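Working notes for the structure below.
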Amino acid sequence: MEASRRSAVKPVIVLKPSKRFPLVEDTPGKASDALPLPLYLTNAVFFTLFFTVVYFLLSRWREKIRASIPLHAVTFPEIVAIFAFVASLIYLLGFFGIDFVQSLIIRPSGDVWSGEDYEEENEVLLHEEDARTVPCGQALDCSVPSLPHMARNVTAQRLFDEKPVRVATEEDARKVSCGQAVDCSLHSLPPRPPIVTSQKLFHEKTVIVTTEEDEEIIKSVVAGTLPSYSLESKLGDCKRAAAIRREALQRLTGRSLSGLPLDGFDYESILGQCCEMPVGYVQIPVGIAGPLLLNGREYSVPMATTEGCLVASTNRGCKAIHLSGGATSILLKDGMTRAPVVRFSTAKRAAELKFYLEDPENFDTLAVVFNRSSRFGRLQSIKCAIAGKNLYLRFTCSTGDAMGMNMVSKGVQNVLDFLQTDFPDMDVIGISGNFCSDKKPAAVNWIEGRGKSVVCEAIIEGDVVRKVLKTSVESLVELNMLKNLTGSAMAGALGGFNAHASNIVTAIYIATGQDPAQNVESSHCITMMEAVNDGKDLHISVTMPSIEVGTVGGGTQLASQSACLNLLGVKGASKDVAGANSRMLATIVTGAVLAGELSLMSSLAAGQLVKSHMKYNRSSKDMSNLSS
């Protein structure tokens with residue numbers, strides 16, 4: 001009886017699915033059979049068409065650049081050529097035949113796989129608490145196989161492709177855990193709510209770093225035989241390179257980087273453009289001030305800062321502006337500058353070039369040479385300053401929605417190359433001679449402006465000054481005169497006739513991916529206050545002549561910074577008017593500075609500055625216990 005019972009229980013054998021091969025009569029016809037010409041003739045036709053339209057379009061665009069005609073103004077032949085270019089390019093992606101293209105587009109079905117193919121796929125591991133409350137069968141081993149010991153866990157190349165996986169029911173969760181070929185359903189279980197797991201799917205294949213590989217590379221970096229800066233190119237995995245560089249740095253310095261995050265960042269997005277040799281990233285909280293009512297529109301202003309009270313103070317200023325009807329900002333000028341320094345053998349020759357560049361009759365020729373460098377870079381003016389036999393040339397140009405430093409530099413290089421023909425004795429000392437002036441306080445920026453020059457104003461009602469700002473119009477006017485104007489003059493300030501414009505500028509710059517170092521000249525600001533309407537209301541204005549911002553390029557393309565730009569409605573390049581988004585961002589910065597100036601000056605006038613900072617800018621943790 002027991003023997004017959006044992007013989008009736010047969011072991012479950014899990015068969016490994018294999019590829020299915022279609023029969024001869026079921027083989028579908030080739031796509032190339034539908035062509036009226038042989039395949040090699042079709043390839044030749046598209047090859048000829050592709051290079052013909054490329055030559056035609058390049059010739060046409062070269063003529064437009066020389067004639068300063070916008071590239072987007074296309075004629076009918078150019079439209080036809082563009083369509084022919086796209087069609088031939090699509091075909092030539094499968095240059096060796098249409099069958100190759102078909103193999104890319106038509107993928108085999110998901111149920112056709114072999115053991116070898118399955119091993120190459122990413123293994124999706126569920127958490128141990130995977131909702132399996134009962135075993136799926138005593139004859140079936142559903143356990144997750146143990147992984148070999150490794151120095152590091154499994155890493156992935158792209159963390160930004162993480163997506164939560166929604167499992168419909170516990171039944172589906174068991175199927176995922178045990179395999180699709182096994183029916184683990186339990187009909188007696190009552191319906192349960194859906195389960196959402198924290199499982200992560202990656203579009204890239206998982207990269208497993210073994211102990212030997214990891215240690216060998218780290219030791220090479222520590223020994224100096226493998227340069228740290230070459231890890232990305234050697235490994236082909238930016239995150240793995242950052243992790244190895246980080247470990248090597250800790251061993252070299254003997255200092256821990258445990259508080260510096262490594263995971264959760266897309267290191268490929270900064271390769272070759274934002275940061276070299278990364279070992280992690282710094283977390284900065286982002287607060288929101290607003291809504292800021294500016295030019296009839298409301299903006300929620302993102303501010304990345306670690307200074308307590310800054311966002312709260314700016315938010316109070318936004319409230320006062322909103323209750324008083326909003327603020328108005330006007331863009332005065334928009335032009336980025338670059339000033340190379342050149343040298344001659346005599347001061348006379350330097351003066352001759354100065355007269356040549358400042359002659360209006362030569363400007364059009366120079367503008368054509370300058371404008372070849374970019375679709376958006378357009379030369380506006382050239383101003384020269386001479387110091388003995390040295391000449392400083394300050395070029396100003398529009399740059400679209402980019403901040404524009406690289407754009408204007410390329411245009412300047414074109415002009416310098418052009419000038420070498422008539423001035424062969426000109427010696428170019430540097431593409432930048434500090435007459436620009438970039439990232440340094442300079443009177444030339446304060447007077448002439450650099451980037452965007454903006455003025456913003458608002459009339460704050462007397463009731464709002466008393467109830468929201470907790471002070472009076474008379475106190476604000478007097479404090480502004482003695483602090484921002486007279487006090488700054490006594491200190492010999494250069495562009496610093498304000499309370500704390502750089503606070504707001506820097507916080508917005510970090511949040512939106514601008515160059516934080518350019519807050520030096522971007523924070524040039526003069527704050528004016530005046531009693532109006534028979535002394536009942538307050539007129540406040542800020543004038544900022546050199547705001548340097550952009551909405552494309554640099555750090556603006558990173559995910560977090562791009563999200564903040566999107567919050568303001570100025571993400572990327574403007575589709576309507578070139579440069580509209582960057583100009584809008586400059587006006588928002590000015591409006592936020594106006595709000596910050598209004599609130600801080602009110603705190604000073606009311607004697608609340610120290611009290612508010614002690615309340616909001618001090619940690620409540622017992623640091624002595626933390627240090628012990």
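What you are looking at is a predicted structure, and each value in this text was computed from that prediction instead of being measured. Only heavy atoms go into these numbers, but all of them, side chains included; no hydrogens, no water, no symmetry mates. The first residue of the sequence shown is numbered 1, and numbering continues consecutively from there.
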Mind checking the [atom1]-[atom2] spacing from [X] to [Y]? Nearest 0.5 Å is all I need.
{"X": "Asn519", "Y": "Gln514", "atom1": "CG", "atom2": "CD", "result": "12.0 Å"}
{"X": "Gln250", "Y": "Ser256", "atom1": "CD", "atom2": "OG", "result": "5.0 Å"}
{"X": "Leu494", "Y": "His524", "atom1": "CG", "atom2": "NE2", "result": "5.0 Å"}
{"X": "Asp334", "Y": "Thr399", "atom1": "CG", "atom2": "OG1", "result": "6.0 Å"}
{"X": "Cys564", "Y": "Ile288", "atom1": "SG", "atom2": "CD1", "result": "6.5 Å"}
{"X": "Ile547", "Y": "Leu331", "atom1": "CD1", "atom2": "CG", "result": "9.0 Å"}

Polar contact flag, side-chain donor to acceptor under 3.5 angstrom, [X]-[Y]:
{"X": "Arg338", "Y": "Ser409", "value": "yes"}
{"X": "Ser599", "Y": "Ser313", "value": "yes"}
{"X": "Glu457", "Y": "Thr328", "value": "no"}
{"X": "Thr590", "Y": "Thr587", "value": "no"}
{"X": "Ser329", "Y": "Asn295", "value": "yes"}

>> Could you check whether any side-chain N or O of Glu597 sits under 3.5 Å from a backbone N or O of His500, counting only pairs where one atom can act as donor and the other as acceptor?
In response: yes

Between [Y] and [X], is there a salt bridge with N-O shorter than 4.0 Å?
{"X": "Arg450", "Y": "Glu548", "result": "yes"}
{"X": "Lys467", "Y": "Glu461", "result": "no"}
{"X": "Asp266", "Y": "Lys239", "result": "no"}

Is there side-chain contact between [X] and [Y], with heavy atoms separated by less than 4.5 Å?
{"X": "Leu416", "Y": "Leu393", "result": "yes"}
{"X": "Ile270", "Y": "Leu558", "result": "yes"}
{"X": "Asp537", "Y": "Val473", "result": "no"}
{"X": "Val408", "Y": "Phe370", "result": "yes"}
{"X": "Gln518", "Y": "Met403", "result": "yes"}
{"X": "Met529", "Y": "His539", "result": "no"}
{"X": "Ile321", "Y": "Ile460", "result": "yes"}

So for atom [atom1], which belongs to [X], do other residues, nucleotides or ligands contribute more than 12 heavy atoms lying within a distance under 6.0 Å?
{"X": "Arg246", "atom1": "CZ", "value": "yes"}
{"X": "Glu478", "atom1": "CD", "value": "no"}
{"X": "Asn414", "atom1": "CG", "value": "yes"}

> Between Thr543 and Thr527, does a side chain to side chain contact (heavy atoms under 4.5 Å, CB included) hold up when you go through it step by step?
Replying inline: CA-CA 7 Å; Thr543 305; Thr527 301; over 6 Å; no

>> Parallel, tilted or perpendicular, judged at 30° and 60°: which one describes the rings of Tyr281 and Phe265?
In response: parallel

